[in-house]
Peer 1: 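One structure, pasted below without further comment.
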There are 2 protein chains.
Amino acid sequence: MPKPTFLNLPPDKRRRFVDAALNEFALHDYRAASVGRIVDAAGIAKGSVYQYFDGKLDLYRYLVDLAAETKFRFIDAARAGDAPDFFSQVRQAASHGARFDFSQPRYASLLYHATYEPSTPETLEVSSRLRAASHAYLRGLVDAGLARGDLRPDLDRDMTVYVLYQQIVALRDFLTDRFGFSFQDAVHAGAGLPIRDEELGAVLDELVGILRRGLELG
Amino acid sequence: MPKPTFLNLPPDKRRRFVDAALNEFALHDYRAASVGRIVDAAGIAKGSVYQYFDGKLDLYRYLVDLAAETKFRFIDAARAGDAPDFFSQVRQAASHGARFDFSQPRYASLLYHATYEPSTPETLEVSSRLRAASHAYLRGLVDAGLARGDLRPDLDRDMTVYVLYQQIVALRDFLTDRFGFSFQDAVHAGAGLPIRDEELGAVLDELVGILRRGLELG
DNA sequence: CCGTGGCGTGACCGCTTGGTCATATCGCGC
DNA sequence: GCGCGATATGACCAAGCGGTCACGCCACGG
């Protein structure tokens with residue numbers, strides 16, 4: 001948890017610091033990220049970091065939570081009340097998730113690192129919480145889909161959640177390949193590239209089509 | 001590439017060294033792995049490592065290649081000439097791949113790290129080669145499956161390979177969860193746990209069933 | 001005008017890292 | 001048993017790390 005001092009910070013100074021930290025953890029995983037580089041980029045003294053947070057891990061946790069909440073809020077906000085059936089919902093979530101990733105490459109890369117972080121005792125809790133949140137979200141969709149009869153009732157629920165999770169998380173890699181996008185470059189440049197609607201749509205049609213045939217009732 | 005000196009090593013000394021290195025890179029990703037810990041465990045001097053390899057990266061590349069070749073050979077050897085259709089082939093590859101992972105947790109963890117390694121300039125080439133090899137393998141299966149009419153001809157080939165790859169690679173995580181298995185513990189213990197045939201079979205039936213409905217012709 | 005508490009600061013600490021190299025040892029051909 | 005190339009060795013190096021802390025500044029209340 002951030003210390004009170006952090007919350008009392010002048011807004012622009014706080015933003016400079018958070019920006020620098022976001023950049024660092026987007027470019028490097030937890031272990032490789034350097035507090036020294038953050039303070040250099042933010043133009044503050046090293047000691048200040050420890051006035052704001054308990055340490056590197058505390059800062060990391062704060063940023064991952066921030067990124068996850070921002071992304072979930074984005075996906076939920078864009079969830080137009082429609083999308084009545086399960087596969088439309090999955091498609092919509094994946095679509096907005098991808099749009100978020102490509103427009104906010106720093107958040108996306110940070111979450112990517114957090115997802116695939118090698119599970120050291122230190123970072124285990126952070127990445128577990130992140131994965132649990134995604135699973136819970138999908139689990140809700142799957143349960144509703146089963147209740148609504150959109151999904152075959154004989155499906156193993158864990159397996160279904162797992163298949164969906166993998167495909168949605170890894171969609172980033174596929175789009176990266178297909179569009180020759182580089183998150184590293186985007187983070188360095190400081191701005192994302194809006195993804196072309198038709199191209200994203202075509203990819204999602206294909207992917208959701210496969211999932212639909214694989215999972216739907218009938 | 002290993003230097004000639006490495007190849008001239010007495011077999012048991014070489015094995016001790018490779019064992020220690022394997023353990024280290026199974027327990028830690030590339031950056032976190034420590035040459036110092038390897039030489040301590042192997043009971044040799046630090047300087048010796050640099051008589052055998054050009055450096056840490058060279059050693060890492062050697063080990064990843066070794067693990068990948070070992071695993072591919074295992075899967076290919078177990079490929080009983082049967083399994084005539086695409087989905088039987090995928091099921092067989094996934095089954096033997098999983099069996100390999102659980103019986104050789106050191107190789108498996110090493111390959112896991114190599115797969116999800118954050119792409120620094122240093123390790124990028126190693127992990128790209130690994131991914132490319134897996135993709136090429138699956139691509140061969142998909143092309144044959146398309147030619148044989150096992151798969152819908154309107155499928156996007158890249159997308160199909162990508163879906164299969166993700167599910168097979170991540171199968172490890174699912175099995176880990178489901179069976180409460182810990183690769184970390186297994187590496188520490190120095191031995192894998194043979195996976196129960198029926199349980200693995202049930203999981204694969206479910207997974208391949210989903211993929212079959214999603215991808216097959218008809 | 002003083003005191004006090006919050007905050008900024010950067011030199012500094014202990015530790016670990018990958019890598020080097022002068023030196024010692026080994027083992028084989030003569 | 002000599003000589004010589006191959007190999008083993010570990011003290012050593014510079015660099016980087018996360019984290020600390022004594023000190024100084026500044027703003028506010030009395």
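Scope of the values below: all heavy atoms of this structure, side chains included, with no hydrogens, waters or symmetry mates. Keep in mind the model is a prediction, meaning the values are calculated, not measured.
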Peer 1: Once you apply a heavy-atom cut-off of 4.0 Å, does B:I38 come out as touching a base, just sugar-phosphate, or nothing?
Peer 2: nothing
Peer 1: Taking atom CZ as the centre, does A:R139 end up with more than 12 heavy-atom neighbours from other residues, nucleotides or ligands that are less than 6.0 angstrom away?
Peer 2: yes
Peer 1: Using only side-chain N and O atoms of A:T5, determine if any of them is under 4.0 Å from OP1 or OP2 of C:dC7.
Peer 2: yes
Peer 1: Can you give me the first and the last nucleotide of DNA chain D (5' to 3') that has an atom within less than 4.0 angstrom of a non-hydrogen atom in chain B?
Peer 2: D:dT7 to D:dG10
Peer 1: Check the side chains of A:D29 and B:Y116 for a donor-acceptor pair under 3.5 angstrom, ignoring hydrogens and angles.
Peer 2: no
Peer 1: In Å, rounded to the nearest 0.5 Å, how long is the span from CD of B:Q104 to CZ of B:F74?
Peer 2: 8.0 Å
Peer 1: Students often get this wrong, so: under 4.0 angstrom with heavy atoms, is A:F6 touching a base, only sugar-phosphate, or nothing?
Peer 2: nothing
Peer 1: Within the 4.0 Å limit for protein heavy atoms, which parts of nucleotides 10-23 of chain C are touched? Write it as a string from 5' to 3', B for base, S for sugar-phosphate only, - for none.
Peer 2: B------SBBBB--
Peer 1: Mark yes or no: A:K3 above the aromatic ring of A:F53, with NZ or CZ under 6.0 Å from the six-membered ring centre and no more than 45 degrees from the axis.
Peer 2: no
Peer 1: If you measure from the Lys or Arg side-chain nitrogens to the Asp or Glu carboxylate oxygens, is any gap between A:R61 and A:D54 under 4.0 Å?
Peer 2: no
Peer 1: So, is the end of the A:R14 side chain (NZ or CZ) under 6.0 Å from the ring centre of A:Y52 and within 45° of the ring's axis?
Peer 2: no
Peer 1: At 4.0 Å (heavy atoms only), tell me whether A:K13 reaches a base, stays on the sugar-phosphate, or touches nothing.
Peer 2: sugar-phosphate
Peer 1: Using 4.0 Å as the upper bound for N to carboxylate O, is an ion pair formed by B:R106 and B:D19?
Peer 2: yes
Peer 1: Should A:D65 and A:R129 count as an ion pair when the cut-off is N to O under 4.0 Å?
Peer 2: yes
Peer 1: Touch check for A:F53, heavy atoms < 4.0 angstrom, all strands: base, sugar-phosphate only, or nothing?
Peer 2: nothing
Peer 1: Once you apply a heavy-atom cut-off of 4.0 Å, does B:L59 come out as touching a base, just sugar-phosphate, or nothing?
Peer 2: nothing
